[in-house]
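In what follows, a single structure is set out as structure tokens and then discussed.
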Amino acid sequence: MKIVDARTAVIEGNFDWVLVKLYTDEGITGLGEAYGGTGVVELIERMKPALVGESIFDVGKIFEKLVRETSDEGSLAGTTVTAISGIELALWDAVGRALNTPICNLFGGKFRDEIRVYADCHAGDEYTPQSYAEKARAVVDKGYAAIKFDLDVPNPHTRDVSGPEYPDRWWHQPYNRTISSRERDFMEALVAATREAVGPDVMLAMDCHWKYNVNDALKLARALEGYDLLWLEDPVPPENVDALAKVSSGTSISICTGENLYRKHGYRELIEKQAADIVSPDVPKMGGLLEAKKVADQADTYYIPIAPHNVASPIGTVAAAHVCAAMSNFLVMEFHAMEVEWWDDLVEGGPVISDGFIRLREDPGHGLVLNEDVARAHLKSGTTFFGER
Ligand code: MG
């Protein structure tokens, strides 16, 4: 069954969701998704000649071919891998549909039928212990038993003005910042109020977005050790695995990282040095389902769980859920679109997530059918709907 065409549609949600459709000479199509990096659509368009004529079943070979042809035989990361990821997800969907079997059956079968997701939470316009507690309670009331908040939010006690300030875009604050003791106390108050609001049974993670220096990150982690956090995410800048290892080995809190790494090679040093306690590959960004499974398997040899980062539409989310089902060391996967009320409506057949879980169906491929009316209504301006204006 040969590929005859590849087309994209960019849906504007809270992120750009780059949907990728592969067409075959036997009428079967596959629908995938790539993380919405700059230039991803153009890169997929450029890869089309390398795809046409290939058998959909040769997923591994096609992946390597695209890597080689787009890297001049060098190493490859970034948006090019992201573009390949979208194609890779579409290939597995096509293979599943061609063989009339769900994607999880192509990866060794299921360890579980239900994939737990955690809700990424934003407290709203105010960042206070009270706003965190209220938001946490509201999300848990919706059925989520795992949640995550940001800790690197505007802090009334910040005194580190060593770099440029972005008052309206706090998440673009410079890396390698200090944390004063009053600032740390405020962060601890955010965590304490959230834990108090949800009780001991809810999984609670906190994200720092690579902001702090090693010693202050360590002091922060140790201050939070009494709150039974599921993990503390990206406490220090991303480039130095040894620095992260120092943080991880100096606290009893689990340290999580991995959303901006690419291909199995990008995770090797992190895993081999046991610099993180939990690894968070973004499946439609880092290389796709097979590459994520390889990372999970390497992590498993160090007894490290996998908690995929995810900001995708239902297409990328459920495709990733299928490979999560086949990972023995899967922990929980992110859901980042609580604010997008039409997220579930983008596909036919009712809610994708209920009570904090994705329940995998027995339909072939990822099992989802795009609701074209909803997709077209949110099509990014200046782009086409799989080639149609
Ligand atoms: Mg993160």
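Order of listing sets the numbers, starting from 1, for every ligand and every atom in it.
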**Prompt:** With a distance cut-off below 6.0 Å to the six-membered ring centre and an angular limit of 45° from the axis, does Lys293 pair with Phe107 as a cation-pi contact?
**Reply:**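 No, cation not above the ring by the 6.0 Å, 45° rule.
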
**Request:** Using side chain to side chain donor-acceptor pair (under 3.5 Å) as the criterion, list what pairs up with Asp207, not counting sequence neighbours.
**Result:**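 With neighbours one apart ignored, the set is His209.
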
**Item:** With sequence neighbours excluded, residues passing ring pair (Phe, Tyr, Trp, His ring centres under 6.0 Å) with His336
**Value:**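 Testing His336 for ring pair (Phe, Tyr, Trp, His ring centres under 6.0 Å), a comparison that skips the adjacent residues, returns Phe15, His122.
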
**Prompt:** Can you find a pair of side-chain heavy atoms, one from Leu230 and one from Tyr118, that are under 4.5 Å apart?
**Reply:**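 Not touching, per the 4.5 Å side-chain cut-off.
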
**Asked** Will you find, in the side chains of Glu33 and Ser313, an N or O donor that is under 3.5 Å from an N or O acceptor?
**Response**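 Yes, because at least one side-chain N or O of Glu33 sits under 3.5 Å from a partner of the opposite role on Ser313.
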
**Protein N/O/S neighbour count - the Mg ion (ligand 1), strictly under 2.8 Å** =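 Excluding waters, the total comes to 3.
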
**Request:** Quick one: list whatever passes salt bridge (Lys or Arg N to Asp or Glu O under 4.0 Å) with Lys273, sequence neighbours left out.
**Result:**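 Lys273 satisfies salt bridge (Lys or Arg N to Asp or Glu O under 4.0 Å) with Asp242, Glu269 once adjacent residues are dropped.
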
